[in-house]
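Structure first, then comments.
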Amino acid sequence: MKLIDNWKQAWKLKSVQVGAISAFFYALILFSEQFVQVWNITPQDLKNKIPENIAEWVGCFVGVAMVLARLKKQPELHEVNQFVTVTAGHSNSDPGAVNGKFNEADLAAKFRNAVAYYLREAGIQYKTDGVGITNQNLNAAIKLIKGSSVAVEFHMNAAASKQANGIETIALPKDKKLAQDLSKAVADVFGSRLRGDNGWIDQSQSARGKLGFISNGGLIVELGFISNEAELAQFNAKYWTAAKAVAMVLIKYEN
Ligand SMILES: [Zn+2]
């Protein structure tokens, strides 16, 4: 590289000054978030030890960095949709498992409505696959997953053995903790036991194989066995309370 003849005087050139200033601000934009984070975790007594006039400069610098960090974050803010999706398993044309006059799709819709009620009460943004008795199909439910921070679908289990019982949430490994919390919330209200790994079932370990709702990032909560008379009775008697407990888990997760 051949330097221009008067490179020693280069700093006086406007173009170099502008370049240096823009490089400084570019670095500030790049590291603004980290800088604000470091400042935020700096203990107050350490901050107190900084001489007063320097503290003012640092404060000013942090202020500028915070504005830049906010500006830098802005585009991402618009991309992240903060809503919860709650859907009911099966649909108005697919009842799912049936026991006497009760079918899975209707019970799941009731539960969805109750969870939605408590989310609304808490001021949480949410989307559902229908209101009242409307229960849209799986494709409609899967479409809602995209853009939601968390998506939960409600089902009831069924087995040939009337003794089969318990609560489980099927989810990807990344949602293990949330799955366990959801199962526990339901099980505590219904007085049921937890199935799988403390209420979590990894779909790769599930006998059902891959489920569209899970593969797309959702969680499926099995609210007990519709084929078990005691669990069905518990559901009908206490589903509002269980739905409230589920909503609390989701509200906590959102915040
Ligand atoms: Zn089902």
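Nothing here was measured: the structure is a model prediction, and the numbers come from that model. Computed over heavy atoms, backbone and side chain alike; hydrogens, waters and symmetry mates excluded. Counting starts at 1 for both ligands and their atoms, in listed order.
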**Request:** Could you tell me if the ring centre of Phe83 sits under 6.0 Å from that of Tyr126?
**Result:**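 No - the distance between ring centres of Phe83 and Tyr126 does not fall below the 6.0 Å cut-off.
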
**Prompt:** Under a 4.0 Å N-O cut-off, is there an ion pair linking Arg112 with Asp129?
**Reply:**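 Here Arg112 pairs with Asp129 in a salt bridge, since their nearest N and O are under 4.0 Å apart.
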
**Message:** For Asp106, is there an ion pair with Lys110 - N to carboxylate O distance below 4.0 angstrom?
**Reply:**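 Here Lys110 does not pair with Asp106 in a salt bridge, since their nearest N and O are not under 4.0 Å apart.
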
**Request:** Count the heavy atoms belonging to other residues, nucleotides or ligands that lie under 6.0 Å from CD of Glu229, then report whether that count exceeds 12.
**Result:**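 Enclosed: over 12 neighbouring heavy atoms sit under 6.0 Å from CD of Glu229.
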
**Request:** Can you list, by chain and residue number, the protein N, O or S atoms under 2.8 Å from the Zn ion (ligand 1)?
**Result:**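 His90 NE2, Glu104 OE2, His155 ND1, with waters left out.
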
**Message:** Against Lys176, only a single residue in Asp197, Asp181, Thr169 fulfils side-chain hydrogen bond (donor to acceptor under 3.5 Å, both in side chains); can you say which?
**Reply:**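 That would be Asp197.
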
**Item:** Distance-only donor-acceptor check, side chains Thr128 and Gln136, under 3.5 Å
**Value:**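 Looking only at side-chain atoms, Gln136 and Thr128 do not form any donor-acceptor pair under 3.5 Å.
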
